[in-house]
Trainee: 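Got a structure for you, written out below as structure tokens; questions coming shortly.
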Amino acid sequence: MAVLLYTNTPIALCEGGVIVCPICTQLKMMTNYPISEFRKTDVIAYGHMMGVVEENGVQKGQLIFSNSNTDEPILWFPMHKLYNTRYKLDWIESGLETIAKYRFHDRHRIYFPAIGYYEEDGLVQEDVLELVQKHLSDGKEDVIFVTHY
């Protein structure tokens with residue numbers, strides 16, 4: 001299917017698909033991540049992710065899928081190692097490779113944050129979009145690149 005651009009809907013309010021939420025791998029600073037709306041709106045998914053991170057840790061390319069019986073399960077996606085660093089393009093590509101390897105985009109519509117939209121992200125949005133298109137444009141379901149996250 002296609003990689004589409006959403007510009008009017010915040011990622012936490014997207015419906016009918018899996019929402020990708022960026023996290024860092026530094027447990028002590030997980031208070032800054034994930035996006036605060038996810039900590040509030042899906043407490044069960046947030047608790048699941050924190051339990052996995054506390055017990056086993058999370059590494060580059062390792063994703064955590066939390067399905068708390070909602071229409072919008074969350075795919076927790078590590079995009080950098082430390083809370084005070086910018087997003088890492090190689091980390092994003094590694095996670096996208098994991099999604100592509102398991103053909104996750106054949107089974108679910110995916111809402112992916114348009115990392116690079118905000119200056120503090122430290123990346124160019126077009127570079128992230130190219131990686132999303134490279135790895136996920138061949139799926140049976142649409143991938144939605146969401147500018148507000």
Side-chain angles (χ1 to χ4, degrees), residues 1-26 30 32-46 48-50 52-53 57-149:
M1 295 299 274
V3 176
L4 307 170
L5 181 66
Y6 264 26
T7 58
N8 295 327
T9 306
I11 196 163
L13 299 179
C14 291
E15 297 179 338
V18 173
I19 300 174
V20 171
C21 184
I23 60 172
C24 74
T25 62
Q26 190 178 19
M30 196 63 83
N32 293 331
Y33 290 90
I35 299 166
S36 59
E37 287 81 9
F38 289 101
R39 292 192 305 248
K40 297 173 191 171
T41 58
D42 198 339
V43 177
I44 294 171
Y46 177 70
H48 171 249
M49 180 273 297
M50 288 300 291
V52 171
V53 172
V58 62
Q59 303 298 319
K60 175 180 169 180
Q62 180 184 0
L63 309 176
I64 302 168
F65 181 66
S66 295
N67 186 355
S68 57
N69 292 323
T70 66
D71 291 332
E72 294 79 34
I74 299 173
L75 188 61
W76 307 100
F77 193 119
M79 295 191 182
H80 52 87
K81 188 172 185 172
L82 303 171
Y83 81 97
N84 60 351
T85 59
R86 296 177 177 211
Y87 292 106
K88 304 289 185 195
L89 204 55
D90 62 320
W91 282 60
I92 293 171
E93 183 163 31
S94 181
L96 290 168
E97 288 170 350
T98 300
I99 292 172
K101 175 181 175 183
Y102 292 102
R103 304 298 303 167
F104 201 71
H105 55 307
D106 283 340
R107 297 186 305 270
H108 304 278
R109 168 184 279 184
I110 298 174
Y111 292 98
F112 196 91
I115 302 299
Y117 181 78
Y118 303 107
E119 187 176 326
E120 61 267 19
D121 292 348
L123 295 176
V124 176
Q125 182 180 10
E126 289 78 11
D127 294 341
V128 178
L129 178 57
E130 283 180 23
L131 289 176
V132 170
Q133 289 175 324
K134 174 183 173 185
H135 293 287
L136 304 182
S137 64
D138 65 339
K140 293 179 182 175
E141 297 290 336
D142 289 330
V143 176
I144 313 298
F145 201 61
V146 184
T147 59
H148 299 293
Y149 47 94

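Throughout, numbering of the chain's residues begins at 1 and tracks the sequence. This one's a predicted model, so the numbers in the text were calculated from it and none came from an experiment.
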Trainee: So, using side-chain contact (heavy atoms from CB on, under 4.5 Å) as the criterion, who are the partners of Val43 when residues are at least two apart?
Mentor: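 Partners of Val43 by the side-chain contact (heavy atoms from CB on, under 4.5 Å) criterion come out as none, since no residue qualifies.
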Trainee: In Å, rounded to the nearest 0.5 Å, how long is the span from NE2 of His108 to CD1 of Ile99?
Mentor: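 Rounded to the nearest 0.5 Å, the NE2-CD1 separation comes out at 10.5 Å.
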Trainee: Might you point out which heavy atoms bring Ser66 and Met49 nearest each other, and give the distance in Å?
Mentor: OG-N, 4.1 Å
Trainee: Starting at NE2 of His80, measure out to CH2 of Trp91 and round the result to the nearest 0.5 Å.
Mentor: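 Those atoms lie 9.0 Å apart.
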Trainee: Indicate, with yes or no, if the rings of Tyr6 and His148 have centres closer together than 6.0 Å.
Mentor: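 So the answer is no for these two rings.
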Trainee: Which value, rounded to the nearest 0.5 Å, describes the distance between Ile74 atom CD1 and Ile44 atom CD1?
Mentor: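 So the gap between those two atoms works out to 10.5 Å.
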Trainee: So do Pro113 and Val146 actually touch side chain to side chain, heavy atoms under 4.5 Å?
Mentor: no
Trainee: Looking at every heavy atom in both Leu136 and Ala100, which two are closest together, and how far apart are they?
Mentor: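 Reported closest heavy-atom pair: CD2-N, 4.2 Å.
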Trainee: Say you draw a straight line from CG of Asn67 to CD of Glu72; how long is it, rounded to the nearest 0.5 Å?
Mentor: 10.5 Å
Trainee: Could you tell me which residues satisfy salt bridge (charged side-chain N to carboxylate O under 4.0 Å, His left out) with Glu93, sequence neighbours excluded, listed by chain and number?
Mentor: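 Testing Glu93 for salt bridge (charged side-chain N to carboxylate O under 4.0 Å, His left out), a comparison that skips the adjacent residues, returns Lys134.
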Trainee: Hey, which of Val52, Ile64, Leu63, Ile19 is the one that makes side-chain contact (heavy atoms from CB on, under 4.5 Å) with Trp76?
Mentor: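 Result for side-chain contact (heavy atoms from CB on, under 4.5 Å) with Trp76: Ile64.
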Trainee: Please examine the side chains of Thr9 and Tyr111, heavy atoms only from C-beta on, and report whether any two atoms are closer than 4.5 Å.
Mentor: no
Trainee: For Asp127 and Ile92, what are the C-alpha separation, side-chain angles and deciding distance, and is it a side chain to side chain contact (heavy atoms under 4.5 Å, CB included)?
Mentor: CA-CA 10 Å; Asp127 294 341; Ile92 293 171; over 6 Å; no
Trainee: Which word best sums up how the rings of Phe112 and Phe145 line up, parallel for under 30°, tilted for 30 to 60°, or perpendicular for over 60°?
Mentor: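 Aromatic pair Phe112/Phe145 classed parallel.
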Trainee: Out of curiosity, Leu131 CG to Leu96 CG, how far, rounded to the nearest 0.5 Å?
Mentor: 6.5 Å
Trainee: Please examine the side chains of Val20 and Met79, heavy atoms only from C-beta on, and report whether any two atoms are closer than 4.5 Å.
Mentor: yes
Trainee: Quick check: do Leu75 and Phe104 have side-chain heavy atoms less than 4.5 Å from each other?
Mentor: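 Yes; the side chains approach each other to less than 4.5 Å.
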Trainee: CD of Glu15: more than 12 outside heavy atoms within 6.0 angstrom?
Mentor: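 Check fails, neighbour count at 12 or below.
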Trainee: OH of Tyr87 to CG of Leu123: how many Å apart, nearest 0.5 Å?
Mentor: 9.5 Å
Trainee: Testing the basics here: between His135 and Glu97, what is the closest heavy-atom pair and its distance to 0.1 Å?
Mentor: CE1-CG, 3.5 Å
Trainee: Taking all non-hydrogen atoms of both residues into account, name the closest pair between Tyr118 and Thr147 and its distance.
Mentor: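 Closest heavy-atom pair between Tyr118 and Thr147: OH-O, 3.9 Å.
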Trainee: Okay, side chain of Thr98, backbone of Gly61: is any donor-acceptor separation there less than 3.5 Å?
Mentor: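 Side chain of Thr98 to backbone of Gly61, a donor-acceptor pair under 3.5 Å: yes, one is there.
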Trainee: Would you please name every residue forming a side-chain hydrogen bond (donor to acceptor under 3.5 Å, both in side chains) with Arg103, sequence neighbours left out?
Mentor: His105, Asp106, Asp138
Trainee: Would you mind reporting whether Phe65 and Val18 have side-chain heavy atoms less than 4.5 Å apart?
Mentor: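 Yes - at least one pair of side-chain heavy atoms lies under 4.5 Å apart.
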Trainee: Please find the pair of heavy atoms, one from Asn8 and one from Pro10, that lie closest to each other, and give the distance.
Mentor: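 Smallest heavy-atom distance, with atoms named: O-CD, 3.8 Å.
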Trainee: Are side-chain heavy atoms of Ile144 and Cys14 found at a separation under 4.5 Å?
Mentor: no
